Number of protein chains: 2
Amino acid sequence: MDTDLTTVDAARMCKALGHPARIGILRQLLLEERCICGRIVEILPLAQSTVSQHLKVLKEAGLIIGEVEGPRTCYCADRQRLATLATALSALLSPCLEEQP
Amino acid sequence: MDTDLTTVDAARMCKALGHPARIGILRQLLLEERCICGRIVEILPLAQSTVSQHLKVLKEAGLIIGEVEGPRTCYCADRQRLATLATALSALLSPCLEEQP
DNA sequence: ACCCTTTATCGTAATTTAACGATAGAACAG
DNA sequence: CTGTTCTATCGTTAAATTACGATAAAGGGT
């Protein structure tokens, strides 16, 4: 299990987080543990196709996992991967938390 | 001093981090404390105008500060702001660090 | 006054992103 | 088998991003 991120991967994941809708989706996924696409559509003021696209971005960045369940797709946060990102970011930003004058 | 980020602001900052070159720039800035644009140009395989544009993105997202020093501009990481981002992200991602099965 | 260094900005082109409606396919219910 | 529900994908459009070279402006040195 690789616990280290390349700069490119870290950037890819940050980029996926770089849209308010996608942060909202991730937040909801962490809150509800499991969500189908339709549930997200209820919450965000966006069309279903747009939400589906945002979910795809998050999935391709490796931040969430989607598994097909009959006619639906059930999404959940990839906590392992998110923890990896958290580690990488805190490593990057740690100088800001310590050497504060 | 506002220590809380709106979702929009967090997304804006993540988006600014969403490019390998900009992560590299930030890393260098945290390493060297102060850098002029030309120093970054030495390190990254990018044209000066491109680097300048990336610096602008980072500055507009509030991640770095640039102050004019004669003919140069000296950039440094906005550690205060980066700490705020670190806090917001760890708040967002904390469920991934705790509830790991 | 003149040059040299440094950097921001402009203009441009190619690619990517974001949003929507429409549509198609999969799976369950009846 | 038929209809319904759910979601991914397609097609499209507008806007943003990324990269570069060229240029202009600002300031220091001689």
Side-chain angles (χ1 to χ4, degrees), chain A residues 6-29 32 34-78, chain B residues 7-29 32-78:
Chain A
T6 65
T7 298
V8 170
D9 271 337
R12 205 192 311 278
M13 294 170 88
C14 285
K15 189 173 181 181
L17 284 182
H19 191 291
R22 290 195 289 265
I23 289 190
I25 289 173
L26 187 59
R27 189 174 280 141
Q28 197 63 28
L29 248 37
E32 297 199 17
R34 301 167 63 72
C35 276
I36 64 173
C37 174
R39 171 68 180 139
I40 308 288
V41 174
E42 284 175 2
I43 295 169
L44 299 184
L46 293 172
Q48 180 269 325
S49 57
T50 305
V51 169
S52 187
Q53 230 170 301
H54 282 307
L55 286 167
K56 187 179 181 182
V57 171
L58 287 169
K59 194 170 65 178
E60 284 178 351
L63 298 180
I64 68 174
I65 296 170
E67 42 189 285
V68 178
E69 280 188 1
R72 303 167 243 292
T73 306
C74 194
Y75 289 96
C76 61
D78 187 339
Chain B
T7 297
V8 171
D9 272 337
R12 205 192 312 279
M13 295 168 88
C14 285
K15 189 173 182 180
L17 285 181
H19 192 291
R22 291 195 290 266
I23 290 190
I25 290 174
L26 187 60
R27 188 174 282 143
Q28 197 62 30
L29 248 39
E32 296 198 18
E33 185 66 36
R34 300 166 62 74
C35 277
I36 63 173
C37 174
R39 171 68 180 136
I40 308 287
V41 175
E42 285 174 1
I43 296 170
L44 297 185
L46 293 172
Q48 180 270 325
S49 57
T50 304
V51 169
S52 187
Q53 230 171 301
H54 282 306
L55 286 167
K56 187 180 182 182
V57 171
L58 286 168
K59 194 171 65 178
E60 284 178 350
L63 299 180
I64 69 175
I65 296 169
E67 43 189 285
V68 177
E69 279 187 2
R72 301 169 245 292
T73 306
C74 193
Y75 288 96
C76 60
D78 187 338

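So that the names make sense, note that chain A is the first sequence line, chain B the second, and so on, each numbered from 1. On a predicted model such as this, the values are computed, not experimentally measured, just so you know.
Between Thr50(A) and His54(A) there is a side-chain heavy-atom pair separated by less than 4.5 Å.
Across dA19(C), dC6(D), dC20(D), the shortest atom-to-atom separation from the side chain of Ile36(A) is found for dC6(D). Between dA19(D), dG21(C), dT7(D), one nucleotide has an atom nearer to the side chain of His19(B) than all others, and that is dA19(D). Comparing dA18(C), dA26(D), dC20(D) by their nearest atom to the side chain of Gln53(A) picks out dA18(C).
The side chain of Ser52(B) places no N or O atom within less than 4.0 Å of a non-bridging phosphate oxygen (OP1 or OP2) of dT7(C). Put simply, Lys15(A) has a side-chain N or O that comes within less than 4.0 Å of OP1 or OP2 on dT17(C). Checking the phosphate oxygens (OP1, OP2) of dC6(D), no side-chain nitrogen or oxygen of Tyr75(A) falls inside 4.0 Å.
Note that CG of Leu63(A) and CZ of Arg12(A) are 11.0 Å apart. Values are rounded to the nearest 0.5 Å. Here the straight-line distance linking atom CD1 of Ile25(A) with atom CD1 of Ile40(A) works out to 5.5 Å at 0.5 Å rounding. A distance of 12.5 Å separates CZ of Arg22(A) from NZ of Lys56(A), quoted to the nearest 0.5 Å. One distance of note links CE of Met13(B) with CG of Leu58(B); it measures 10.5 Å at 0.5 Å rounding.
Between the CD atom of Glu60(B) and the C1' atom of dT17(D) there is a distance of 13 Å, given to the nearest Å. One atom, CG of Leu58(B), and another, C1' of dT18(D), lie 14 Å apart when rounded to the nearest Å. As a whole-Å value, the separation of Glu67(B) CD from dG27(D) C1' is 16 Å. If you measure from atom NZ of Lys59(B) to atom C1' of dA8(C), you get 9 Å, rounded to the nearest angstrom. The nearest whole Å value for the distance from the CZ atom in Arg22(A) to the P atom in dA19(C) is 8 Å. One atom, CD of Glu69(A), and another, P of dG25(C), lie 23 Å apart when rounded to the nearest Å. Distance Gln48(A) CD to dC6(D) C1': 8 Å, rounded to the nearest Å. As rounded to whole Å, 13 Å separates atom C1' of dT7(D) from atom CD1 of Ile64(A).
In terms of position along DNA chain D, the nucleotide closest to Leu55(A) lies nearer the 5' end than the nucleotide closest to the other residue of the pair Leu55(A) and His54(B). Comparing Gly70(A) and Ser49(A) along DNA chain C, the residue whose closest nucleotide (by nearest heavy atom) sits nearer the 5' end is Ser49(A). Comparing Arg72(A) and Lys56(A) along DNA chain D, the residue whose closest nucleotide (by nearest heavy atom) sits nearer the 5' end is Arg72(A).
If you check every strand for non-hydrogen atoms under 4.0 Å, Arg39(A) touches nothing. Residue-level contact check: Thr73(B) touches the backbone only, with heavy atoms under 4.0 Å from sugar-phosphate atoms and none from bases.
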